[in-house]
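These notes are about the structure you will find just below.
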Amino acid sequence: MTESVSSAKRFQQKVIAVVRTIPCGKVTTYGAIALALGAPRQARRVGNALAGLGTGHDVPAHRVVNRSGVLTGAHAFGPPGVMQALLDAEGVHFLEDGRVDMAQHFWEPHSPS
DNA sequence: AGTTTGACAGTAT
DNA sequence: GATACTGCCAAAC
């Protein structure tokens with residue numbers, strides 16, 4: 001089935017595949033995902049792909065933060081604080097800066113192959 | 001068809 | 001160490 005799909009859509013599917021493998025209580029970065037997909041420096045597209053998911057997916061997108069540990073995509077989860085609450089419920093610890101403790105919860109994804 | 005924006009990251013100052 | 005600038009590429013306007 002060689003269906004013609006937009007490259008963005010295909011990229012999105014690959015992103016989803018990786019994000020779904022993120023273990024509970026762990027977080028990763030956009031750049032790490034992009035690198036695992038074989039698209040280094042394309043971190044922006046990873047975020048853009050997740051932004052297109054919207055609601056009704058089984059993807060733990062709340063476990064994806066930027067390199068600084070900031071929840072840059074919190075706005076996509078509706079009311080502010082929801083993304084933080086989801087992570088906190090999974091045992092993720094936050095710094096006083098409101099950032100995720102990357103040194104403790106960073107998890108590096110692998111290629112979905 | 002050109003410009004702007006975006007759930008980022010790396011390098012330079 | 002913090003701030004500024006640039007690179008990347010696609011979707012939206």
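Here is how names work: the chains are called A, B, and so on, in the same order as the sequence lines, proteins then strands, and each is numbered from 1. These numbers come from a predicted model, not from an experiment.
Within the 4.5 Å cutoff, the side chain of A/Met102 has heavy atoms near those of the A/Thr29 side chain. The side-chain heavy atoms of A/Trp107 and A/Val27, taken from C-beta on, include no pair separated by under 4.5 Å. Side-chain contact between A/Phe106 and A/Thr28 is present, with heavy atoms from C-beta onward closer than 4.5 Å. Proximity of A/Arg10 to A/Gln13: side-chain heavy atoms (C-beta onward) are nowhere separated by under 4.5 Å.
Sorted by residue number, the members of residues 37-52 of chain A with any non-hydrogen atom under 4.0 Å from DNA chain B read A/Ala43, A/Arg44, A/Gly47, A/Leu50, A/Ala51. Listed in residue order, the members of residues 18-29 of chain A having a heavy atom less than 4.0 Å from DNA chain B are A/Thr29.
Counting to the nearest Å, the P atom of C/dG7 and the CZ atom of A/Arg67 are 21 Å from each other.
In the hydrophobic clustering of ILVMFWY residues, with side-chain heavy atoms under 4.5 Å counting as a link, A/Val64 and A/Leu35 come out apart. Put simply, A/Ile22 and A/Phe11 are part of the same group of oily side chains (I, L, V, M, F, W, Y) that touch within less than 4.5 Å, one to the next.
Every salt bridge (Lys or Arg N to Asp or Glu O under 4.0 Å) that A/Glu90 has, sequence neighbours left out, goes to A/Arg63.
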Which donor-acceptor pairs under 3.5 Å do the side chains of residues 43-57 of chain A make with protein atoms, sequence neighbours left out?
{"from": "A/His57", "atom 1": "ND1", "to": "A/Val59", "atom 2": "N", "distance (Å)": "3.1"}
{"from": "A/His57", "atom 1": "ND1", "to": "A/Val59", "atom 2": "O", "distance (Å)": "3.1"}
{"from": "A/His57", "atom 1": "NE2", "to": "A/Gly54", "atom 2": "O", "distance (Å)": "3.0"}

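Taking 4.0 Å as the cutoff to heavy atoms of chain A, we find the contact window on DNA chain B bounded by B/dG6 to B/dG10.
Under the salt bridge (charged side-chain N to carboxylate O under 4.0 Å, His left out) criterion, no residue pair touches residues 104-113 of chain A, with sequence neighbours excluded.
Using a 4.0 Å heavy-atom distance criterion, A/Ala61 is classed as a base contact.
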Handout entry: Chi angles and distances behind the side-chain contact (heavy atoms from CB on, under 4.5 Å) call for A/Phe77, A/Leu71
Key = CA-CA 11 Å; A/Phe77 291 82; A/Leu71 282 53; over 6 Å; no
